[in-house]
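Worksheet: one structure, shown below.
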Amino acid sequence: MPPIIYRKGLDLKDAVAGQLAENYHSALVNSIKEAGYRYESGRLQLHLAKEFGFCYGVDRAVDYAYQARTRFPDRTVYLTGEIIHNPHVNDKLRALGIRFLSDPHESLDSLTPDDVVILPAFGVTIELLQRLSAKGCTLVDTTCGSVLNVWKNVRRYAQEGVTSVIHGKHWHEETQATASQATQYPDGRYLVVYDREEAAYVCDYIRHGGSREEFLERFRHAVSPGFDPDQHLARIGLANQTTMLMSESLEIGAMFRDAMRDRYGEAELAWRYRAFDTICSATQDRQDAVIQLLAAQPLDLMVVIGGYNSSNTCNLARICAERVPTYHIAQPECIESPDAIRHKPAGQPDEIRTTGWLPAGPVTIGLTSGASTPDNIVERVVRILDDFANR
Ligand code: SF4
């Protein structure tokens with residue numbers, strides 16, 4: 001029997017609204033917005049970006065998870081893994097009794113048709129969806145519409161024999177799910193490029209060829225099975241993980257277009273090169289807002305809040321770090337004292353501890369948060385900054 005799949009919620013939006021407000025909303029953040037996104041206290045002046053925090057896709061995913069828990073109080077409810085990349089939200093869901101299939105002691109093999117499984121906002125691979133369907137579980141699909149839009153375009157490429165070149169992180173769940181959409185057709189193929197450097201390498205291969213073995217070794221985790229760079233770069237279509245840096249995605253698209261034009265000529269370009277904008281509007285709005293904030297006035301430093309594995313948060317931190325000292329923190333407790341802060345420097349994998357981060361005298365701080373960070377976490381950061389600046 002095909003599984004029951006809930007894709008539009010479970011008719012309990014009103015029933016969980018109070019719980020969501022209690023767990024994630026913030027009266028202080030609302031009042032800062034009403035005051036022109038400014039907060040002043042003693043020597044501290046704080047400026048919030050005009051767009052920050054929960055995006056529409058995350059809002060919906062968390063809402064559906066609460067609805068699922070409420071609708072099925074007597075059944076075991078699972079998430080395939082983190083619903084979004086925010087430790088606070090995932091902890092809250094665990095506290096509701098929702099279990100995580102990604103935990104070491106859990107296994108897909110033990111699922112039964114009585115179980116309920118929630119699929120995350122960034123989607124799952126086709127293979128995982130098939131395994132869950134075969135188990136007969138009830139599924140609550142929270143895949144964001146912006147991700148579904150990318151999948152639609154990637155499937156179209158695959159049907160037409162166009163290789164999807166995905167600007168993304170091959171280890172990220174969303175990119176893995178998107179890549180799996182390409183390979184469900186006989187001529188479907190993909191290549192994932194992470195940054196300009198990887199794109200430049202592939203563009204050079206398109207223009208001049210090169211060592212096939214070296215190419216396949218370099219992209220061994222980032223290509224579809226049987227990928228042959230000598231054949232499968234003849235027609236390409238660009239797509240993105242939805243949370244990449246907009247400016248970099250546009251640049252990478254232009255690099256590939258130029259390479260295809262150089263190799264095959266202008267007349268063949270439309271047939272050989274395709275592109276469409278797949279950065280989601282929420283990601284773009286948050287990037288635009290932080291660029292606007294940085295341009296609007298001098299800041300002594302930026303604080304960026306969000307999980308270290310949150311792609312959109314890391315990209316916000318990258319934008320800021322090019323202009324001002326930036327501290328990307330995973331949670332409020334990372335701000336240890338007026339002297340010490342734990343943070344992940346932009347472009348580096350690990351958290352470090354920095355001392356002397358808060359300047360003396362009047363201090364102007366910019367603040368933003370990634371799409372998976374709720375307002376009540378932003379409030380706690382505001383309160384800590386206020387406390388430490390005015391001690
Ligand atoms: S970041 Fe964009 S694609 Fe991802 S869940 Fe939010 S709105 Fe959807």
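Both ligands and their constituent atoms are indexed starting at 1 by order of listing. Values below: all heavy atoms of this structure, side chains included; hydrogens, waters and symmetry mates excluded.
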**OP:** Please examine the side chains of R43 and N390, heavy atoms only from C-beta on, and report whether any two atoms are closer than 4.5 Å.
**Re:** yes

Original post:
Near atom 8 (Fe) of ligand 1, is there an N/O/S atom from C144 that is less than 2.8 Å away?
Top reply: yes

**OP:** Identify the protein heavy atom lying closest to atom 4 (Fe) of ligand 1, giving its residue, its atom name and the separation to 0.1 Å.
**Re:** T242 OG1, 3.9 Å

Original post:
At under 4.0 Å between heavy atoms, which part of I84 makes contact with ligand 1: side chain, backbone, both or neither?
Top reply: neither

Original post:
Within 45 degrees of the axis of the six-membered ring of F72 and under 6.0 Å from its centre: does R75 put its NZ or CZ there?
Top reply: yes

Original post:
Quick one: CD1 on I305 to NE2 on H343, what's the gap to the nearest 0.5 Å?
Top reply: 14.5 Å

Subject >> Atoms of ligand 1 close to C280 [distance to a heavy atom under 4.0 angstrom, numbered from 1] >> reply: 1 (S), 2 (Fe), 3 (S), 7 (S)

Subject >> Test: D350 and K344 ion pair at under 4.0 Å >> reply: no

**OP:** Could you establish whether T243 and ligand 1 come within less than 4.0 Å of each other, counting only heavy atoms on the residue side?
**Re:** yes

Original post:
Hey, does F52 have a side-chain heavy atom less than 4.5 Å from the side chain of V29?
Top reply: yes

Original post:
Can you list the atoms of ligand 1 that are under 4.0 Å from a heavy atom of S146?
Top reply: 3 (S)

Original post:
So, for C280 and Y56, which heavy atoms are closest and what is the spacing to 0.1 Å?
Top reply: CB-OH, 4.0 Å

Original post:
What is the nearest protein non-hydrogen atom to atom 7 (S) of ligand 1, stated with its residue, atom name and distance?
Top reply: Y56 CE1, 3.3 Å

Original post:
With a cut-off of 4.0 Å, which atoms of ligand 1 are near a heavy atom of C55?
Top reply: 1 (S), 5 (S), 6 (Fe), 7 (S)

